[in-house]
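Structure, as structure tokens:
Lettering follows sequence order; numbering is per chain, from 1.
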Protein chains: 2
Amino acid sequence: MTAPHRGSRDTKQGAAIEAALAGTAEFRTAQDLHAQLRDGGVRVGLTTVYRHLQRLFDAGDVDTVRTPSGELAYRRCGGMAHHHHLVCQHCGHTVDVEGPAVESWLQRVAQQAGFSDIVHTIDIIGTCADCKRG
Amino acid sequence: MTAPHRGSRDTKQGAAIEAALAGTAEFRTAQDLHAQLRDGGVRVGLTTVYRHLQRLFDAGDVDTVRTPSGELAYRRCGGMAHHHHLVCQHCGHTVDVEGPAVESWLQRVAQQAGFSDIVHTIDIIGTCADCKRG
DNA sequence: ATGGGTGCAAATAATTTGCAGGTAA
DNA sequence: TTACCTGCAAATTATTTGCACCCAT
């Protein structure tokens with residue numbers, strides 16, 4: 001049944017937040033999710049929404065991107081491997097991209113420079129086809 | 001002489017901000033630029049830095065991206081050939097790396113997704129050989 | 001002189017944290 | 001009962017705006 005997560009209790013709030021995320025494939029902001037839950041009759045605090053999203057992110061269950069206006073948006077991560085995002089700076093439309101080639105390049109240059117314990121971020125921003133046209 | 005921009009006066013502050021941007025090919029945050037200018041002896045307010053960056057962006061003279069921590073970073077458009085940095089999180093040691101392979105990969109995935117006017121940032125952070133030993 | 005430029009301080013806004021009290025196990 | 005969870009309110013941080021004053025033209 002409701003088997004939410006190892007190491008965390010099973011609360012209405014947590015279940016509601018995970019359900020809300022499970023219900024869509026889109027990126028949602030914390031504020032957005034909070035408003036939706038409230039409107040749906042779930043009594044939950046904004047703080048709790050932030051905390052659950054943070055926990056889900058740490059557990060690798062959700063991805064995040066920055067919206068053009070600077071907010072952090074979350075989306076459930078269908079167990080997909082590590083990947084990056086192409087973000088349209090005009091409409092915020094995002095496309096997932098995987099880059100085995102890039103990952104191995106990163107490992108190679110890091111190794112050549114004598115670096116270890118590498119972490120990296122790649123931000124790719126541009127104009128999507130729709131916005132180019134419009 | 002100092003021919004700054006159509007429609008704007010020629011002030012020390014404006015010139016200093018444009019000079020600071022012209023001096024690097026990297027993305028810089030407003031806070032960052034402000035601190036650098038202050039340290040360099042330029043008396044300028046944070047507000048003014050933000051206003052000039054905004055104006056330069058509106059004029060199409062600079063690009064912007066969001067840093068992972070959510071701040072807006074600005075970079076002058078059309079600069080020299082760029083490169084990325086490997087940064088040691090312990091001692092701050094930095095190594096420049098160029099990646100023709102990565103650049104072309106970026107172009108390819110962007111094109112496949114129908115994106116244009118691509119800009120990107122790649123941050124690579126790890127532990128350098130010296131710190132690994134120590 | 002005069003209107004745009006400047007910058008301090010206050011206003012926004014997203015997100016985080018302190019803390020008192022609730023609740024799952 | 002005992003932690004962990006919740007959520008209000010206050011704190012933080014990046015950015016914007018109000019407004020009185022200054023300076024390039």
Answer with yes or no whether the side chains of A:E26 and A:T24 bring together a donor and an acceptor at under 3.5 Å.
->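 Note: A:T24 and A:E26 side chains miss the donor-acceptor criterion.
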
Residues A:E103 and A:H120: side-chain donor-acceptor under 3.5 angstrom | yes

Could you tell me how far apart [X] ([atom1]) and [N] ([atom2]) are, to the nearest whole angstrom?
X     : N      : atom1 : atom2 : result
A:D32 : C:dA14 : CG    : P     : 12 Å
A:R55 : D:dC4  : CZ    : C1'   : 12 Å
A:H52 : D:dC4  : NE2   : P     : 15 Å
A:L33 : C:dA14 : CG    : P     : 14 Å
B:L53 : C:dG5  : CG    : C1'   : 15 Å

When you check every protein heavy atom under 4.0 Å of nucleotides 15-25 of chain D, what one-letter string (B, S, -) results, 5' to 3'?
-> BBB-----BBS

Angle class for the A:H85/A:F27 ring planes (parallel below 30°, perpendicular above 60°, tilted otherwise)?
->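 Perpendicular, since the angle between the ring planes exceeds 60°.
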
At under 4.0 Å, does any side-chain N or O of A:Q13 touch on OP1 or OP2 of D:dG7?
->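 Yes, because at least one side-chain N or O of A:Q13 sits under 4.0 Å from OP1 or OP2 of D:dG7.
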
So what does A:H34 hit on the nucleic acid, given a heavy-atom distance under 4.0 Å: a base, only sugar-phosphate, or nothing?
->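 The residue A:H34 makes no contact with any strand.
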
Considering residues at least two apart in sequence or located in another chain, which fulfil the side chain to side chain donor-acceptor pair (under 3.5 Å) criterion with A:Q31?
->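 Per chain and number, A:Q31 pairs via side chain to side chain donor-acceptor pair (under 3.5 Å) with A:Y50.
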
Donor-acceptor pair, B:R38 side chain versus B:R43 backbone, under 3.5 Å?
->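 Looks like no, no N/O pair under 3.5 Å.
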
Of all heavy-atom pairs linking B:G99 and A:W105, the shortest is CA-CZ2, 3.5 Å

